Amino acid sequence: MFNMLRMDLRRLFKSRSFYIILSVTAVLLILVTIMAQSLSDPETLDAMEEQGAEVDESDRMMSEYIQNMSQLDFIHESLGGGFLLVMTGIGMTLFVNGDFSSGFIKNICRINPRRRDYVLSKVALAGIYSGIITVLSALLMLLFPVLIHMYPAQDSISQIWRYILWMWLPHWAFALMALALVLLTRSTTLGIILSLVAGSGLTVAFVGMLGRLLCWPPLEQFFLYSMVKGVYVPQSGITQGWVVLACAAAWAAVYGVGSLLFMEKRDI
């Protein structure tokens, strides 16, 4: 398993798709930050109004809200909407599918026929992959605003690292969903589609609507998208860690067991 993980890490850091995912993530977050900086400047709103743009009270309130944000507020507004779930799921899908399209998995399983070790190495890789994206994105949201003279109120380093930890766990579980889908379908199609659908919150919205129609309990609150969105709430601070841990562990177990079954039952 550890030899496979070392090979995966070498291949990951040489993978073009990995750096494309990081670059796209960084560019989009930078654009979000620039937009937030523009909206937070009252002079920008005044200039827009003078040029004929419609600026109403809600725009003024949004500007004031951005000005009063703390660092955690700003990070969570940028990362807590499921954007990183989408990028993590797509990135993991592309990387794992490369094992099948390149024939790498046939060589590995010929040398070491224990498919369980292959799956376990990919589970560990999913944690590293999601961790890199989560940590780098959070650091970018801390550092880039300073470069454009945007200074959210500071939070303690311990609070920020605790936030990153609770954000990382559901993203790890979400990456395992991508792993299971690739091992099931041997293609990127379903993994990318479900990463977009689930990561953007459409699954949660559908389950919530269906639950209300059928009088089910609010099951959507235990989905990974809900966990990410609810990790940090400005009024109550960081949510209880055991809730995030329990939900992330449950989904990781489901996807991990599914990956093992899909790998064992299908020919390579």
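Remember, predicted model here, so these are calculated numbers, not experimental data.
In this structure, CH2 on Trp172 lies 16.0 Å from OH on Tyr129, to the nearest 0.5 angstrom. For the atom pair CZ of Phe74 and OG of Ser70, the computed distance is 11.0 Å after rounding to the nearest 0.5 Å. Put simply, CH2 on Trp161 and OG on Ser156 are 13.0 Å apart, with the number rounded to the nearest 0.5 Å. Atom-to-atom distance recorded for Ser17:OG and Leu12:CG is 8.0 Å, nearest 0.5 angstrom. Distance check, rounded to the nearest 0.5 Å: CD1 of Ile20 to CE of Met87 gives 10.0 Å. The line from NZ of Lys229 to CG of Leu85 is 11.0 Å long, rounded to the nearest 0.5 Å.
Placement of Leu72 and Ile157 within a single hydrophobic cluster is found when ILVMFWY residues are connected by side-chain heavy-atom separations under 4.5 Å, directly or transitively. No single ILVMFWY cluster, assembled from side-chain heavy atoms under 4.5 Å apart, contains both Tyr255 and Val257. Linking ILVMFWY side-chain heavy atoms closer than 4.5 Å, directly or via other members, places Leu260 and Phe2 in two distinct hydrophobic clusters. Hydrophobic clustering (ILVMFWY, side-chain heavy atoms < 4.5 Å, transitive): Val146 and Met69 are in distinct clusters. Using a 4.5 Å cut-off between side-chain heavy atoms of Ile, Leu, Val, Met, Phe, Trp and Tyr, with links allowed through other members, Leu136 and Ile21 fall into the same hydrophobic cluster.
In this structure, Ile133 and His171 have side chains that are not in contact, with every pair of non-hydrogen atoms separated by 4.5 Å or more. Two residues are said to be in side-chain contact when any heavy atoms from C-beta on lie closer than 4.5 Å; Asn3 and Asp117 fail this criterion. Two residues are said to be in side-chain contact when any heavy atoms from C-beta on lie closer than 4.5 Å; Val32 and Phe83 fail this criterion. Two residues are said to be in side-chain contact when any heavy atoms from C-beta on lie closer than 4.5 Å; His76 and Tyr163 meet this criterion. Side-chain contact check for Val244 versus Pro170: some heavy-atom pair is nearer than 4.5 Å. Side-chain contact between Tyr151 and Pro145 is absent, with no heavy-atom pair separated by less than 4.5 Å. Between Glu64 and Asn68 there is a side-chain heavy-atom pair separated by less than 4.5 Å. Looking at Val182 and Ser187, their side chains never come closer than 4.5 Å, going by heavy atoms from C-beta outward.
Trp251 contributes no side-chain N or O that, together with a main-chain N or O of Met177, makes up a donor-acceptor pair within less than 3.5 Å. With hydrogens and angles ignored, the 3.5 Å screen pairs a side-chain donor or acceptor of Ser121 with a backbone N or O of Tyr118. No donor-acceptor pair under 3.5 Å is formed between the side chain of Asp8 and the backbone N or O of Leu125. Put simply, the side chain of Gln37 never gets that close to the backbone of Met150: no donor and acceptor are under 3.5 Å apart. At distances below 3.5 Å, not a single donor-acceptor pair connects side-chain atoms of Thr134 with backbone N or O atoms of Gly131.
Contact between Ser195 and Thr93 at its shortest, heavy atoms only, is OG-OG1, 4.3 Å. The heavy-atom pair separating Val119 from Gly256 by the smallest distance is CG1-O, 4.5 Å. Looking at every heavy atom in both residues, Gly81 comes nearest to Tyr225 through O-CE1, 3.3 Å. Here the closest heavy-atom approach between residue Met141 and residue Ile75 is recorded as CB-CG1, 3.8 Å.
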- side chain to side chain contact (heavy atoms under 4.5 Å, CB included) evaluation trace for Phe18 with Phe95: CA-CA 8 Å; Phe18 176 62; Phe95 183 80; over 6 Å; no

Open item on the list: As a quick check of understanding, evaluate side chain to side chain contact (heavy atoms under 4.5 Å, CB included) for Trp168 and Ser130, giving each step before the final call.
Closed with: CA-CA 7 Å; Trp168 167 58; Ser130 58; 3.2 Å; yes

Decide yes or no on side chain to side chain contact (heavy atoms under 4.5 Å, CB included) for Met227 and Leu169, but give the supporting numbers first. CA-CA 10 Å; Met227 287 296 101; Leu169 293 174; over 6 Å; no

With side chain to side chain contact (heavy atoms under 4.5 Å, CB included) as the criterion, how do Ser259 and Leu176 come out once you've worked through the C-alpha distance, each side chain's angles and the decisive distance to 0.1 Å? CA-CA 8 Å; Ser259 298; Leu176 296 181; 5.8 Å; no

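Checked against Leu190 for a side-chain contact (heavy atoms from CB on, under 4.5 Å), the options Thr188, Ile192, Leu194 give a single hit: Leu194.
Other residues, nucleotides and ligands contribute only 12 or fewer heavy atoms inside 6.0 Å of the CE atom of Met35. Residue Leu147 qualifies as enclosed at atom CG: its count of foreign heavy atoms under 6.0 Å is above 12. Residue-environment remark: CZ (Phe206) stays at or below the threshold of 12 foreign heavy atoms within 6.0 Å.
For Asp99, the salt bridge (Lys or Arg N to Asp or Glu O under 4.0 Å) criterion is met by Arg11, Lys122, not counting sequence neighbours. For Phe144, the ring pair (Phe, Tyr, Trp, His ring centres under 6.0 Å) criterion is met by no residue, not counting sequence neighbours.
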